[in-house]
Each structure stands twice: as structure tokens, then as C-alpha cells.
Amino acid sequence: METIKVKRLVTFFYNPKNLISYELCSISLTFIVLFWLLKFVWTRRNLYASARKLPGPCGLPIVGSAYKFLGDASDIYKGLDNLFSEYKNEVLFKAWFGTKLFYCTTDPKIFDTVLTSPNALRKEPFYSLGDKLFGGGIFSQKSVPKWRRNRKLVTPAFNSQMLNSFTEVFVQHSDELIELMKQYESKKDVDLNDLISRYALKTICDTAMGINVDTESEGFNFNHWIDRALEIVIERIFNIYYHSDVIFYNSALGKEFIELCNKSRFFTRQVIVKKRQQMEEEKKNKALYYESEELNRLTFIDILLKVTYEDDKSYFTDEEIVDETITLMVAGSDTTSTASTFVLVLLGMHQDIQEKVLAEILEVAGAERSMSANDLPELKYLERVIKETLRLFPVGPILARTLDGDINVGHHVLSKGASICLAVLRLHRSEKYWPNALKFDPDRFLPQNVAKIQPGSYVPFSHGPRNCFGLRYAMITMKVMLATILRRYKIFTDYKSIEEIDVKCSVVIRPINGYKLRYESREY
Ligand code: HEM
């Protein structure tokens, strides 16, 4: 059989007629490839011209510097950090990732210009590698008009009146949390972040959706699924072979990712179904579920369901409602729980500051009284502690945007079509803008000192039109929960210094070796 095939091939090439057509074919193919390559290079000539003016690693053909970031989330962050260390004296440098040009910076002026520019409203397209989890939710939405429309639609769900009305829910769940903490008291290396994540998810579901989720039940794993799924998204982003759907979804990592997405989205769908059932029940007593006087008190999910099922029926599809809901559940819980756990680590490391925070809490709300919305603005020192923690451990250590138009940053024009990587963690720890940067000093945020902070050098909630819209929500929920924990328990950590806490970036920041927390009851 094989010999027949070989014979046929030999006869084909010995036939002069076939040889001519074969040569013609290969010549045309070569021309097509050359033409495509020239077109590719020509349309990107501005990128190459811009890149030539900047320092940065040349990278290998096709893969660029992507080989520097192979491995898991820890290796990837280490690779990125090493790259920024290598060019630490440069205001702006370049890095090729595959065929993509990235501008890299820790300069606050560039941060400010980029984050407020209408040409940088789109998230870096790598974010869409997590689409199976978040779809086109507001955080990763690729279409700027759709993002603008959806952001405008849901923002009223977090107005001041709504936020004040949430305080009671935060208090109730914080009380449940400290009860839950009792069983692990004095134990070493408690995974306090797991308990706090459950609190955070419960509160976001209760406040933004009016749904009570039983996060304490056995087998409740939503936070862990999301944690792992985000870690996989980062691994996929930095491994260019995994950018191909065929390769990724046929790999073990891709299969694990699909399973995690299915489980997380199934859980989210159940939350929505529960809400719709609740609405149908309540609707029996009213002509319309949404009475006009209640319109300014609609929760996030009320707004999504109202525009979809009572107004313009084509506003969101069912899957888009899941996209928005899961996005909010993660953006509104993983962030606050991570930030709050880091606050506890830093207070465990700085007992004097912990005692000052406690003194303030006792002065404002006493040892037993439930916290009220009026108490929260009085917790000024606690607020400074949270801000300083977010400086040292910004939840989003890296921000990335793609450029839809040129942006002039003074000494350089960033080219349309490139992307930009803003290294928030490095900026927040830069000695140039934060003297004695690794010192935990909440007084940097005293009103008289805030005026001296260089604009653009403190961006834990990002900046500009695409900043975090949960900023005020986050501050309130963290204050209530931290004040409730701190007046009941004294916190300790095995970490001795900030330098000791190695971090990785699984979209959000994480300590590689855990939080190493322990706590003991306080006696009054
Ligand atoms: C400590 C708490 C929080 C921190 C540090 C934080 C930080 C951030 C950052 C840095 C971004 C921009 C990300 C980027 O550009 O890639 C962002 C966006 C976002 N955050 Fe937060 N966040 C927190 C809490 C919250 C809460 C509580 C909510 C919801 C109630 C929320 C909802 C969102 C949403 C929906 C976006 C996307 C906004 C958009 O693209 O228009 N965040 N957050």
C-alpha cells in the first residue's frame, strides 16, 4: 500500500505538466504569505516606530517576551516584577507579548493620563480569555457603548440612600461571622480569608439582590471555584499557546476551567431563579412589582430584571443577566474579603496600631452596641488603616488597557492598537512617591498629608470613568466587618515584616504562603 502511494507521488513529480502546476501553486502561495506579512507589518508601522524609541527587551520572534512568564500565578507575577525591576529607572518601557506591543509603566502622570483618556476605556482583550466565566459582564465588557449603558443603568443601585440602608445587613452578617470565628479561636494558621469571603458573598447577595445565600452549608465552594478559575485565567493569559481555544479547552487546565465555570454559573443562575420566584410571589399582591415610589430603591438585580422583563424585553438575555450577576458577586466580594484579610495581617504585625484602632471603635460604638450608619464616618483611623493597606496590597496589582486611539503622554505618543500595563503595586511601593514605602503608616492619609500625595500615585480603585463603582460600598462593608471583629478579637500573625509576604496575582492579589492569622477573644 505504502509503495503504491510513493510510486504515485514519484510519477506525479516526473510528469512535467504536474510539475509546472505544482511550481505555480507554491509560487502563488509564497506571494500570498509575503503579501499578508507585508500588509501585517505595514498596518502596524506606527507600533514599530513607537516601540523603537523605547527601551525594553527585544524578545524572540513570534513569542516576544512571553517565555519569561511561564508557570503558575506566582511564577508569572515574579516574571512581571523582574521585568519592572530591570527597567525600574525608565518612566516608560516596551515589552512584546507574542506580536502584541505593551507599554509598561509605574509613572503616576502616565497612569492619570491613560486612565482618564477616552482612548483607553477598553480593557485589554486578554480579559476576554475569562469570558466563559464572566461573559460580557460590566467588568470585562468589550463594547464601550454597551459598557457605558450598563454602568449607567446599575450605578443607582449603590446611591447614598441605598448604601445607608445596607448598614443593617452588614451588621447582621458581621455578627454571624464573629460567632462562626469562635470555633477557630487560638488555632494557628486559620483560613480567616475563607470565613471573610463567605461573609462578603453573603452581604453582596443580600444587599445587591435581596437574596439570602447559605454560605455556611457543607459543600459550599463558590469562592474556591472562583479563586481557582481566576488563577487559571492568569495562567492562560500568560501562556500564548493557551490563547488558542482548541489547545486550551483540550488541555487538563482548560477542562478544569470549564468545570469551575459551569459550577459557578449554575450557582449564580440558582440565585437569579430564587429572586425571580420571590418577585412572582410579591407581584401577586401588586399590579406591578416595581411601584413608582420604589424606583430609587431598586437593588442591582431588581434593575436588571425590571429592564428585561417589564420594560424593553430585549435589554438583556438570560445569560447576560448571569454575566452581570456573577461579575458583581465576584467584584463585590473577592475584593473586600482580600483587602480586609490583609488589614488583619497588617494589624497583627503592628499591635500598637491595632490598639489605636480598637480605642477608636470603643470610643465611637462601645464594646457591645451594634454599629450604625452614623458611626461609620467617625471611624477615621480605621479608614486610614484600610487605605494604607490598599496602598501596600492593592487588590488589583496590575491594570491593563488597550488603546483605541493615540495618547500623548508628553515625551511619547502611545500608539493606537497597542496595550498598556500599569503596575499599581510597584507604584504604590515606589520610594519616589512614598518615602519609606514599606513602612505601614496609616497617617499618610491624614487630611494634611493627603494633599501632598502626587496625583495618580494612589489608585487602588483605579481611576477615571472605568474606575471601581463599588468604592463607597467597599469602605462601608469593610468598616463594619473589621470593627466588629476587632472589638471582639485580638489578631496575631506569624509574619514579621511586609517584605516577608510574597504575593502573586490571580487577577486579584494573594499571599503565596497564606495569611498566617490567629486570634484570641478580648475581655472587657
Ligand atoms: C476593597 C475593595 C475593592 C477594590 C480594591 C476594588 C478595585 C477595583 C479596581 C482596581 C477596578 C478596576 C479594574 C480594572 O480596570 O481592571 C474595579 C472595577 C470594578 N469594581 Fe471594584 N473594587 C473593590 C470593591 C468593589 C465592590 C464592593 C464592588 C461592587 C459593589 C465593585 C465593583 C466593581 C465593578 C463592577 C468594576 C468594573 C467597573 C467598570 O469596568 O466600569 N468593586 N474595582
Side-chain angles (χ1 to χ4, degrees), residues 111 114-116 120-128 130 134 136-144 146-159 162-163 166 169-170 196-197 199-201 203-209 230 233 237 299-301 304 323-343 383 385-402 419-425 427-428 458-482 505 507-509:
F111 266 58
V114 169
L115 291 173
T116 52
L121 285 176
R122 226 154 37 90
K123 298 277 172 77
E124 157 55 39
F126 285 162
Y127 282 62
S128 59
F134 297 122
I138 200 166
F139 184 86
S140 47
Q141 179 55 254
K142 291 185 267 283
S143 147
V144 172
K146 224 172 174 185
W147 157 74
R148 212 188 292 278
R149 179 197 77 164
N150 294 353
R151 180 160 170 143
K152 195 166 164 216
L153 180 78
V154 298
T155 307
F158 301 97
N159 65 39
M162 292 293 280
L163 291 180
F166 294 160
V169 180
F170 298 149
I196 293 178
S197 308
Y199 156 87
L201 185 65
T203 50
I204 194 80
C205 288
D206 207 342
T207 51
M209 288 161 235
L230 291 182
V233 170
I237 288 176
T299 63
F300 170 84
I301 193 99
L304 299 187
D323 294 347
E324 297 297 346
T325 309
I326 193 168
T327 297
L328 191 88
M329 279 161 64
V330 176
S333 68
D334 210 6
T335 47
T336 49
S337 55
T338 303
S340 308
T341 320
F342 271 115
V343 168
E383 182 162 328
V385 164
I386 295 172
K387 286 181 175 165
E388 175 69 342
T389 303
L390 286 171
R391 179 184 71 81
L392 286 161
F393 296 98
V395 172
I398 301 270
L399 300 177
R401 297 284 171 89
T402 193
S419 292
I420 185 155
C421 173
L422 307 162
V424 179
L425 177 69
L427 168 62
H428 281 188
Y458 182 67
V459 283
F461 293 96
S462 184
H463 183 50
R466 205 144 188 190
N467 72 344
C468 173
F469 73 47
L471 187 157
R472 286 194 304 143
Y473 179 105
M475 262 304 165
I476 299 176
T477 186
M478 289 193 292
K479 271 185 173 177
V480 173
M481 189 250 291
L482 287 167
C505 170
V507 183
V508 288
I509 196 169

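Side chains are part of it too, since the values below use all heavy atoms of this structure and drop only hydrogens, waters and symmetry mates. Read the numbers this way: they start at 1 and go in the same order the structure lists the ligands and their atoms.
Of all protein heavy atoms, the one lying nearest to atom 34 (C) of ligand 1 is A331 CB, 4.2 Å. Protein heavy atom nearest atom 35 (C) of ligand 1, with residue, atom name and distance: I138 CG2, 3.4 Å. The single protein non-hydrogen atom nearest to atom 20 (N) of ligand 1 is C468 SG, 3.3 Å, given as residue, atom name and distance. Atom 36 (C) of ligand 1 has as its closest protein heavy atom F139 CD1, 3.9 Å. When hydrogens are left out, the protein atom nearest atom 27 (C) of ligand 1 is Y473 CD2, 3.5 Å; that is the closest non-hydrogen contact. Nearest non-hydrogen protein atom to atom 10 (C) of ligand 1 is P460 O, 3.3 Å. Looking from atom 24 (C) of ligand 1 to the surrounding protein, the closest heavy atom is T335 OG1, 3.2 Å.
Side chain to side chain, S340 and Y199 fail the donor-acceptor criterion of an N or O pair below 3.5 Å.
Taking only non-hydrogen atoms, the option from S462, A400, G332, P397 nearest to atom 29 (C) of ligand 1 is G332.
Residue contacts with ligand 1 for K123 involve side-chain atoms from C-beta outward but no N, CA, C or O (heavy atoms, distance under 4.0 Å). At a heavy-atom distance under 4.0 Å, no atom of V424 approaches ligand 1.
Where the criterion is an N or O separation shorter than 3.5 Å, residue side chain and backbone included, R151 meets it with respect to ligand 1. Considering backbone and side-chain atoms alike, R466 places an N or O below 3.5 Å from some N or O of ligand 1. Annotation: Y127 places an N or O atom under 3.5 Å from an N or O atom of ligand 1; distance criterion only. Taking distance alone, with nitrogen or oxygen atoms compared against 3.5 Å, W147 approaches ligand 1 more closely than that limit.
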**Q.** Test log, rule ring-ring contact (aromatic ring centres under 6.0 Å, His included), inputs Y458 and F111
**A.** CA-CA 10 Å; Y458 182 67; F111 266 58; over 10 Å; no
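In summary, of the residues considered (V395, V459, I509), a side chain to side chain contact (heavy atoms under 4.5 Å, CB included) with V424 occurs for V459 alone. With respect to L304, the side chain to side chain contact (heavy atoms under 4.5 Å, CB included) criterion is satisfied by exactly one of T299, T325, L328, N150: T325.
Ring planes of F158 and F300: tilted class, angle from 30 to 60°. Aromatic ring pairs are classed by plane angle as parallel below 30°, tilted from 30° to 60° and perpendicular above 60°; the pair F342 and F393 is parallel.
Between R401 and ligand 1 there is a heavy-atom distance shorter than 4.0 Å.
Looking at R401 and R122, their side chains never come closer than 4.5 Å, going by heavy atoms from C-beta outward. For the pair L399 and V114, the minimum side-chain heavy-atom distance is 4.5 Å or more.
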